[in-house]
Amino acid sequence: MTDSYRLGVDVGGTFTDVLLIHEQSGALYAAKVPSTPEDSSRGVMHGVERVCALAGIDASAIAHLTHGTTVATNTILTASGARVGLVTTRGHRQILQIARSFVPGGLGAWVVYQRSEPLAPLELTIEADERIDARGQVVQALDEAALRAALTRLAREGVEALTVSLINAYANDLHERRVRDIAREVLPDIPISLSSEVIPEMQEYERTVTTVANAYVRPRFARYIDNLATEVARRAPRAKLSILRSDGGLASAAAAARLPVKHLMSGPAGGVSGAIWLAGVAGHRNLLTLDMGGTSTDVALIEDGRARLRRETMVGDVAVRAPSIDVRTVGAGGGSIAHVPNLTRALRVGPQSAGAAPGPAAYGRGGELPTVTDANVVLGYLPTAARLGGEMGLDVARARAAVQTIADALGLGLEAAAEGIYQIANEHMFGALRLVSVEQGYDPRDFALIAFGGAGPLHANALGRLMGSWPVIVPPGPGVLCAYGDATTRQRDEASRTFIRRFHDTSAQEVAAGLAELAEQARAALRAEGVDDAAQTLAYQLDLRYQGQGLMLSIDLEADELDDVLTLAGARFDALHEQLFTFALPVAKELVNLRAVALGPAPTVRLPTVPVRADVDAARYAEQRIHVEGRAHIAPVYDRARLGAGGVIAGPAIVTEMDATTLVLPGHSGRVDPHGNILITPDA
Amino acid sequence: MPAQLIETNTTPLARVDVDPVTLDIIENALRNARQEMDAVLFRTAMSPGIREQHDEFPLIANRDGKMVVGQFGSFIHGFIAAYDGTIEEGDVFLTTDPYSCQGAISHANDWLVLLPIYADGRHIAWAAMFGHMTDIGGKVPGSLPTDARQIYEEGIVVPPVKIYRRGELQQDLLKLILHNCRLPHWNLSDFNAIVAACRTAGRRCAELSRRFGDDVFHSAMDELLARNRRAMAELIRNVVPTEKRSFEDYLCDDGIGMGPYRITCSMWREGERVVFDFAGTDPQSQGSINFYLNEEMFKMFCGVFMIMVFDPQIMFNDGFYDLMEVRIPPGSLLKPRHPAALSCRTHALGRIFDIISGLLGQGAPNLMCAAGFSDSPHFMYSGYDRDGEWYQLYQIGFGGIPGRPLGDGADGHSLWPSFTNVPNEFLEAYFPLRIDVYETIADSGGAGQHRGGNGVRVGYRFLEPGEISVHDDRWLTYPWGVNGGAPGQRSRKLLRRADGSELRVPSKCDRVKVEAGDLLLFETWGGGGWGDPLARALDAVALDVRRGLVTVDGARRYGVVLDADGRIDHDATEALRARLRDERGPLPLFDKGGSLAEILARCEAETGFPPPRPPEFGRHVARVAGAMPR
């Protein structure tokens with residue numbers, strides 16, 4: 001058997017992390033190179049070269065290259081997508097203009113509501129004369145001549161991508177396909193997205209928005225993937241390129257380029273997958289993840305080594321129907337700005353952020369407003385000796401001046417104001433963590449908290465205390481975690497179909513037969529990706545609800561549970577409904593979707609160990625005055641690179657590494673495990 | 001006799017100092033808990049009115065019943081004052097009777113659930129929520145009879161009762177109530193969902209109380225109320241003058257041939273308190289358009305509106321209530337006497353917001369919004385389908401957000417918090433109809449520097465014979481413009497029969513028969529315009545035209561001349577703007593589309609309907625409250 005390698009790549013704002021795994025032995029090599037924002041594929045290939053050199057192999061030995069990317073998300077957040085044309089059914093042209101008539105916020109919020117422009121402008125939206133009814137019957141045939149004329153006008157307007165979303169297309173895609181065929185003649189060179197392909201589900205607004213979002217990010221995303229694929233083909237010709245999906249699965253480069261809307265959460269999904277894998281090695285399968293960056297924080301809940309999924313994805317104020325790992329984002333990050341409104345004199349933190357530019361006051365890049373990072377500096381949690389991103393220094397005087405404005409407004413001392421900012425930021429993250437745990441019926445005390453991202457380890461211990469979630473796990477190197485996720489993700493294909501039936505209108509046999517058919521589709525897809533049947537694992541899911549409800553709950557089933565599938569799934573549904581909402585109902589249950597999932601084998605990876613070194617004194621290189629809950633402490637500062645397995649750091653203490661700083665609070669200790677993770681627990 | 005509170009732990013809660021950071025944390029946590037109430041409800045309710053349209057209002061109140069987070073302000077004190085019984089841990093109360101809770105809810109379709117929250121045997125807070133039931137029985141499907149004269153015709157009315165007694169559901173009672181409803185499984189699951197939402201809030205409050213200590217939690221809620229009061233006191237001092245200002249607006253008709261009905265409100269400041277006086281409002285209607293307005297709820301409407309207009313940073317709660325006094329004449333349209341019919345109160349409820357806007361805006365015209373989509377038009381369709389199964393749809397429509405100081409009003413949006421439309425594919429899958437048209441109406445938004453939002457045109461194609469009901473307003477009086485902005489276009493309904501004949505449908509009616517193939521065009525109204533239309537940016541007008549939101553003809557109201565492709569003719573535009581400027585008089589603060597007399601005189605020619613008769617007020621207006629047995 002020849003040697004083969006898998007490679008994971010994560011592109012961050014500052015660094016690109018690359019991880020190489022020898023598939024036969026599980027041996028692992030990591031490299032960190034600067035990111036190249038103008039064309040990320042250059043940084044990626046640079047990292048690939050570096051890590052191959054480290055392992056002493058040729059890039060042609062790489063069999064799988066897996067990548068999580070934020071390109072799709074950023075395209076929406078920076079409004080830099082394509083000029084999208086939209087085709088709707090006659091009478092429904094203003095679907096995005098009406099946007100379900102929804103005004104966010106409370107009573108009277110319409111007074112201040114600033115509506116964002118739809119991703120497909122109304123002036124580029126045309127109507128097709130056609131109609132299909134809710135049962136999929138054609139009520140009115142498509143007027144092809146009129147459509148051709150309208151498309152010609154769109155061509156003159158210079159649309160760069162086209163979306164087709166017709167009423168009831170989820171029930172019959174006949175007219176959408178015909179529109180596509182005609183559009184290909186009129187607009188030969190632009191990508192066309194059909195709602196019946198992207199998301200064949202009921203609810204015209206959600207389906208249209210999702211399909212439009214797909215069209216909007218598609219040209220740029222596809223270009224990025226194509227560039228990367230070309231580079232990969234040139235340098236690592238045997239490597240199969242896979243892109244991480246929002247739901248934590250993998251898609252081929254070609255599928256990703258066609259359906260980028262399924263990759264909006266590709267980046268965070270990598271972090272969550274990495275956290276699952278890394279914490280799993282450390283023996284923790286129930287986890288809360290905390291990924292705190294500069295402007296926002298992502299949190300997720302992992303139960304028994306599996307992330308919760310949800311059926312929609314939020315990016316900014318765009319909500320799309322695409323399954324994603326249930327990652328909740330709050331606008332609290334290191335750059336979040338603190339302020340005190342005049343009338344209420346209340347302390348507020350975020351959602352405005354100083355971002356990377358001008359950045360926190362302490363960065364000395366022109367930022368003057370007080371941020372969470374500045375509060376951390378004032379409190380001494382970010383020691384002046386810390387090396388942010390390797391080279392950046394910290395301007396303590398600027399940070400103090402900025403936080404002083406809050407202290408003055410509140411009539412508090414400087415440290416008390418800084419502590420207030422720190423705690424309010426924690427409260428925002430606490431709210432998000434509760435959303436994924438307590439509010440879903442989980443007790444956070446049954447979960448460990450794993451923290452990453454540049455700012456996560458500074459707040460992790462405090463949040464662990466708020467949640468009662470122990471230990472708090474701080475893995476080494478926050479960026480590399482995502483690359484772990486990329487490299488260790490199992491191949492996964494699913495097949496599903498809408499199957500709306502009341503329980504008493506179907507039978508276990510019919511459902512089992514439907515699932516078997518879907519299973520065969522999922523297996524075939526995985527076979528096509530090179531995973532033979534013996535290496536595959538199958539799992540099943542039913543989406544259920546009480547008839548008349550809007551929600552769906554996904555119920556998991558194993559292959560040997562299909563004989564009595566309705567009874568089993570029904571009982572699990574009642575129990576889950578009761579857990580989530582405090583009641584079950586004595587009414588008919590309804591099936592909505594059937595789903596089969598085929599999983600490839602889990603890759604073997606041997607996580608590197610750090611040398612055993614119980615003595616931590618050698619790693620101690622400075623002291624720092626810090627403030628915790630109104631009291632000053634002298635905290636030793638440790639260099640993480642010099643800590644060994646078995647070392648115990650007594651809080652208060654600070655641990656620094658190249659791109660993160662960990663705070664251990666008084667009354668807590670951090671123990672270094674064999675893989676270099678710091679596990680923080682309260683002292684007995 | 002007021003309710004008697006029972007606690008197993010009688011240690012009084014102490015008032016302690018709460019540091020500002022803890023206070024903010026508790027405020028955030030309570031806000032999260034309130035959002036969680038919504039989330040639980042939307043996911044588990046079944047009626048489209050609640051699960052898709054979100055016709056519901058949650059709150060969390062302190063021990064005394066003052067709302068700390070929520071939307072409509074607290075009504076709990078009214079319940080405590082009126083409920084003659086005990087309140088114990090595990091109890092859950094239900095009422096649907098506006099007359100038994102001082103108008104906390106204003107028609108019997110709204111089911112109000114109240115839950116006292118206990119921690120360690122002490123009562124620490126309240127959770128409450130009400131939601132609109134699609135049907136509660138009575139004489140018409142949907143239980144909103146246009147021609148009702150008494151509340152007894154409007155379905156089942158439940159006085160305040162313990163629906164859970166110390167944690168145990170009173171099955172018989174619930175069975176009795178559900179037995180009176182046309183769609184009992186919807187009522188059951190919506191009721192369960194509301195209780196589950198309140199229980200969620202209860203758990204969160206108990207957790208907070210444990211985390212920070214009962215005394216801190218209790219004191220923090222008080223302090224949050226005090227903080228809001230301080231901010232509002234400053235706001236009131238700054239924006240409410242001591243001299244009296246008045247504003248009036250109208251409900252177009254009562255659905256039984258009479259109208260318009262006047263609502264008048266005056267406002268002035270006495271020291272730090274502001275007084276609102278509805279003297280001059282018409283007496284109660286003989287029909288069902290009466291709106292039993294709770295004074296505290298009106299304070300919340302006003303307070304929220306002031307906050308949104310003047311300083312959206314303020315978190316609103318009940319803290320400022322003693323800074324406002326509200327006077328509503330008994331026996332008036334806004335304080336009808338039992339047993340006046342109340343079901344169609346939605347028009348007056350909506351109109352109150354236009355009145356608040358006009359009243360407050362006179363002092364600060366630049367911050368004033370125009371008249372908006374001040375109603376919740378209802379559409380109902382019911383009957384037996386070809387399989388003999390009963391179908392019944394209740395749906396709320398939307399229209400144009402008014403022109404605002406901040407910019408244009410959104411087209412076809414909701415003025416109510418968290419409301420959304422029902423997806424048309426959902427309607428088509430579950431009801432025998434097709435939505436042939438779903439669009440906003442070009443030019444229906446009032447012209448202005450900031451344009452009013454367009455109203456909505458929905459084309460319902462019926463696939464089965466059945467009956468429809470329509471409840472709407474502003475077909476006669478106009479959604480007014482401000483600061484030189486023009487009024488928006490009024491509402492209308494047209495039934496296009498399968499045989500080609502056309503029928504104008506009045507704005508309020510029940511039991512109109514429809515046949516398979518008939519098409520109802522249900523058109524709501526646009527928002528009023530804000531500011532001088534001739535000052536609107538040319539590009540904005542041209543873009544609206546290219547988008548089909550304003551027509552080439554409609555653009556002339558802005559003095560803008562365009563060709564069919566939406567290209568501006570700059571010379572012609574300059575000339576037209578100059579001519580319009582010369583011809584018109586000074587710009588009015590309010591443009592109501594003419595005087596009421598003028599509007600009535602033009603009524604038949606413009607709307608196809610004769611003007612309504614002046615309202616006759618029944619003898620019950622003079623009756624002393626409470627003389628009739630409940």
Side-chain angles (χ1 to χ4, degrees), chain A residues 91-95 97-103 105-115 121-123 131 133-134 139 167-168 170 202-206 341 343-348 410 412 419-420 423-424 427-428 431 434-435 438-439 546 548-551 577 580-583 585 587, chain B residues 20-21 24-25 28-29 32 36 40 42-44 46 51-52 71-72 185-186 189 192 196 199 227 231 234-235 304-305 307-309 311-315 369 398 401 404 406 410-415 417 419-421 423-426 428-429 434 436-440 456 459 543 546-548:
Chain A
H92 296 265
R93 193 178 65 94
Q94 296 187 24
I95 182 164
Q97 188 73 8
I98 295 174
R100 294 206 65 188
S101 297
F102 177 64
V103 174
L107 187 62
W110 57 268
V111 174
V112 294
Y113 176 48
Q114 295 277 40
R115 196 168 166 271
L122 183 55
E123 63 272 24
R131 196 59 152 91
D133 73 13
V139 175
I167 295 290
N168 293 327
Y170 73 96
M202 185 195 283
Q203 296 210 354
E204 68 279 6
Y205 174 74
E206 286 75 5
L343 279 170
T344 48
R345 318 304 292 169
L347 174 57
R348 307 276 187 230
L410 290 175
L412 292 174
E419 195 139 19
Q423 286 179 6
I424 298 279
E427 193 64 21
H428 286 311
R434 291 180 56 93
L435 220 75
V438 184
E439 295 185 14
Y546 292 122
Q549 271 182 329
L551 69 77
H577 199 278
L580 291 174
F581 307 117
T582 72
F583 66 95
L585 285 174
V587 301
Chain B
V21 174
D24 290 328
I25 290 171
N28 276 314
N32 285 343
E36 208 186 329
V40 166
F42 300 160
R43 297 200 67 199
T44 57
M46 277 190 191
R51 61 165 264 208
E52 298 293 340
Q71 302 280 356
F72 263 24
H185 61 291
W186 281 4
S189 89
N192 267 316
R199 289 212 165 117
R227 177 149 99 183
E234 197 170 328
L235 192 54
V304 168
F305 200 80
I307 286 169
M308 282 301 164
V309 169
D311 187 356
Q313 284 285 358
I314 300 176
M315 282 302 301
C369 298
F398 303 105
I401 301 285
R404 308 161 299 158
L406 211 65
D411 302 308
H413 271 55
S414 169
L415 286 184
F419 276 40
T420 63
N421 72 353
N424 291 320
E425 290 180 345
F426 174 89
E428 295 191 7
R434 255 198 328 268
D436 278 6
V437 182
Y438 194 79
E439 64 189 9
T440 80
V456 174
L543 189 59
R546 280 210 307 286
R547 290 180 170 174

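Since this is a predicted model, take the numbers as computed values, not measurements.
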Distance (rounded to the nearest 0.5 Å) between [X] [atom1] and [Y] [atom2]:
X      : Y      : atom1 : atom2 : result
B/N424 : A/R100 : CG    : CZ    : 9.5 Å
B/R404 : A/Q114 : CZ    : CD    : 6.0 Å
B/D411 : A/I98  : CG    : CD1   : 8.5 Å
A/R434 : B/N32  : CZ    : CG    : 7.5 Å
B/F426 : A/Q203 : CZ    : CD    : 8.0 Å
A/D133 : B/R434 : CG    : CZ    : 6.5 Å

Is chain A contacted by the side chain of B/L415, its backbone, both, or neither, given a heavy-atom distance below 4.5 Å?
both
Interface moiety of B/F398 toward chain A, non-hydrogen atoms closer than 4.5 Å
side chain
Nearest heavy-atom pair of B/A429 and A/M202: which atoms, and what distance?
CB-CE, 3.5 Å
Can you name the closest pair of heavy atoms from B/H413 and A/Y113 and give their distance?
CD2-CE2, 4.3 Å
Top residue by heavy-atom pair count (under 4.5 Å) with chain B, among A/R93, A/Q423, A/E206, A/R131?
A/R131
Is [X] close to chain B through its backbone or its side chain, or both, or neither, when contacts mean heavy atoms under 4.5 Å?
X      : result
A/E427 : side chain
A/R115 : side chain
A/V112 : both
A/Y205 : neither

Could you tell me whether the side chain of B/E439 reaches within less than 4.5 Å of the side chain of A/I95, counting heavy atoms only?
no
Within the structure provided, determine whether A/L107 and B/P417 are in side-chain contact (heavy-atom separation under 4.5 Å).
yes
Do the side chain of [X] and the main chain of [Y] share a donor and acceptor less than 3.5 angstrom apart?
X      : Y      : answer
A/S101 : B/G412 : yes
A/E123 : B/R547 : no
A/E204 : B/E425 : yes

Taking the inter-plane angle between the rings of A/W110 and B/F305 on a 0 to 90° scale, is it parallel (under 30°), tilted (30 to 60°) or perpendicular (over 60°)?
tilted
If we define contacts as heavy-atom pairs under 4.5 Å, which of B/L406, B/I401, B/T44 has the most with chain A?
B/T44
Note: vs chain A, highest number of non-hydrogen pairs under 4.5 angstrom among B/N192, B/V437, B/V40 is B/N192
Between A/N168 and B/E428: side-chain donor-acceptor atoms closer than 3.5 Å
yes
CA sep, side-chain torsions, deciding dist, call: B/C369, A/V111, side chain to side chain contact (heavy atoms under 4.5 Å, CB included)
CA-CA 8 Å; B/C369 298; A/V111 174; 4.1 Å; yes
